[in-house]
Amino acid sequence: MRHKLLPIVVLALCLGVMPALAAERIYCAASDAVANISLESGFSRSDEQRLNHFRGIAGVKGDAVPSDFRRFDINSEMLRQYWTDDRDLRFSLQYFSPARVPDYRVTISILTSRKANSDTRYEGSYHLTVQRLAAGSRINGDILIDQEAPMFCTIKG
């Protein structure tokens, strides 16, 4: 009898715990005449300030933009900095093309905040720059696009 009840007890315990394991995540998006940006990040349950994944997709529009930037995946390797607290959510991303010896760089800085700790929506902006890099440099170059526009982020359960 004991052996027959054990699977039922384990299943009941697992079902009761599953909602607590659902990681909270943040979703951010912007779309305008210059760029489309959509990204998502999950936060650790043990340390709500620590990311446990970071991914998305972006595209920069316009003839001055290299084709590599018209649509590209966002991943954790592109994340240079992030900041979260009760009211602010900020990210800084960089993407180089080609990867090994880059000719171009896209930098995206996202600055958002919410009015109250209980709000699930953050309002703010993104700042995007596309640079043609100087030979042998990963930081200096000519700015092809410099755009700031509205962006929102929202907490998903």
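Because only heavy atoms are used, hydrogens play no part in the values below, and waters and symmetry mates are left out as well, while side chains stay in.
- Once rounded to the nearest 0.5 Å, the distance linking CG of Leu93 with CG of Leu79 reads 6.0 Å.
- You'll find the side chain of Leu133 stays beyond 4.5 Å of the side chain of Asn140, heavy atoms only.
- Among residues two or more places apart in sequence or in another chain, the side-chain contact (heavy atoms from CB on, under 4.5 Å) test is passed with Glu148 by Ser125, His127.
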Step-by-step side-chain hydrogen bond (donor to acceptor under 3.5 Å, both in side chains) determination, Ser31 to Asn36
CA-CA 4 Å; Ser31 183; Asn36 291 321; 2.5 Å; yes
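- Side-chain contact between Thr129 and Ile108: absent, with no pair of heavy atoms (C-beta onward) separated by less than 4.5 Å.
- Partners of Ala134 by side-chain contact (heavy atoms from CB on, under 4.5 Å), not counting sequence neighbours, listed by chain and number: Ser137.
- For Ile74 against Ala58, the heavy-atom pair with the smallest separation is CD1-CB, 3.9 Å.
- Arg105 has its side chain within reach of Gln94: a pair of non-hydrogen atoms, C-beta onward, lies under 4.5 Å apart.
- With sequence neighbours excluded, no residue satisfies salt bridge (charged side-chain N to carboxylate O under 4.0 Å, His left out) with Arg80.
- Listed by chain and number, the residues in a side-chain contact (heavy atoms from CB on, under 4.5 Å) with Ala135 amount to none (sequence neighbours excluded).
- Here the OH-CD1 distance, from Tyr82 to Ile110, works out to 14.5 Å after rounding to the nearest 0.5 Å.
- Using a distance-only test at 3.5 Å, with no hydrogens or angles considered, no donor-acceptor pair links the side chain of Thr112 to the main chain of Tyr122.
- The disulfide (SG to SG under 2.5 Å) pairs that include a residue from residues 111-157 are Cys28-Cys153, where partners are two or more places apart or lie in different chains.
- You'll find the side chain of Ile37 reaches within 4.5 Å of the side chain of Tyr126, heavy atoms only.
- Residue pairs meeting the ring pair (Phe, Tyr, Trp, His ring centres under 6.0 Å) criterion with at least one partner in residues 53-76, sequence neighbours excluded, are Phe54-Phe91, Phe69-Tyr95, Phe72-Tyr95.
- Val130 is listed as a side-chain neighbour of Val60, based on a closest heavy-atom distance under 4.5 Å.
- Partners of Arg90 by salt bridge (charged side-chain N to carboxylate O under 4.0 Å, His left out), not counting sequence neighbours, listed by chain and number: Asp88.
- Remark: Ala29 engages Tyr27, Phe152 in a side-chain contact (heavy atoms from CB on, under 4.5 Å) (not counting sequence neighbours).
- Residues in residues 109-136 take part in these salt bridge (Lys or Arg N to Asp or Glu O under 4.0 Å) pairs, two or more places apart or across chains: Arg121-Glu123.
- Taking hydrophobic clusters as Ile, Leu, Val, Met, Phe, Trp and Tyr residues chained together by side-chain heavy-atom distances below 4.5 Å, Tyr104 shares a cluster with Val106.
- Arg55 meets the salt bridge (charged side-chain N to carboxylate O under 4.0 Å, His left out) test with Glu40; sequence neighbours excluded.
- The stretch residues 55-151 participates, sequence neighbours left out, in no disulfide (SG to SG under 2.5 Å) pair at all.
- Legend: salt bridge (Lys or Arg N to Asp or Glu O under 4.0 Å) pairs involving residues 67-76, not counting sequence neighbours: none detected.
- Side-chain contact between Asp103 and Ser97 is absent, with no heavy-atom pair separated by less than 4.5 Å.
- Nearest heavy atom pair, residue Ser92 against residue Ser109, reads OG-OG, 4.1 Å.
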What verdict does the side-chain contact (heavy atoms from CB on, under 4.5 Å) test give for Ile145 and Val65, after you've listed the backbone C-alpha separation in whole Å, the side-chain angles of each residue and the deciding distance to 0.1 Å?
CA-CA 8 Å; Ile145 295 177; Val65 177; 3.1 Å; yes
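- One hydrophobic cluster, built from ILVMFWY side chains closer than 4.5 Å, cannot hold both Leu111 and Val34; they sit in different ones.
- Under the 4.5 Å side-chain criterion, counting only non-hydrogen atoms from C-beta, Ile26 is not in contact with Thr154.
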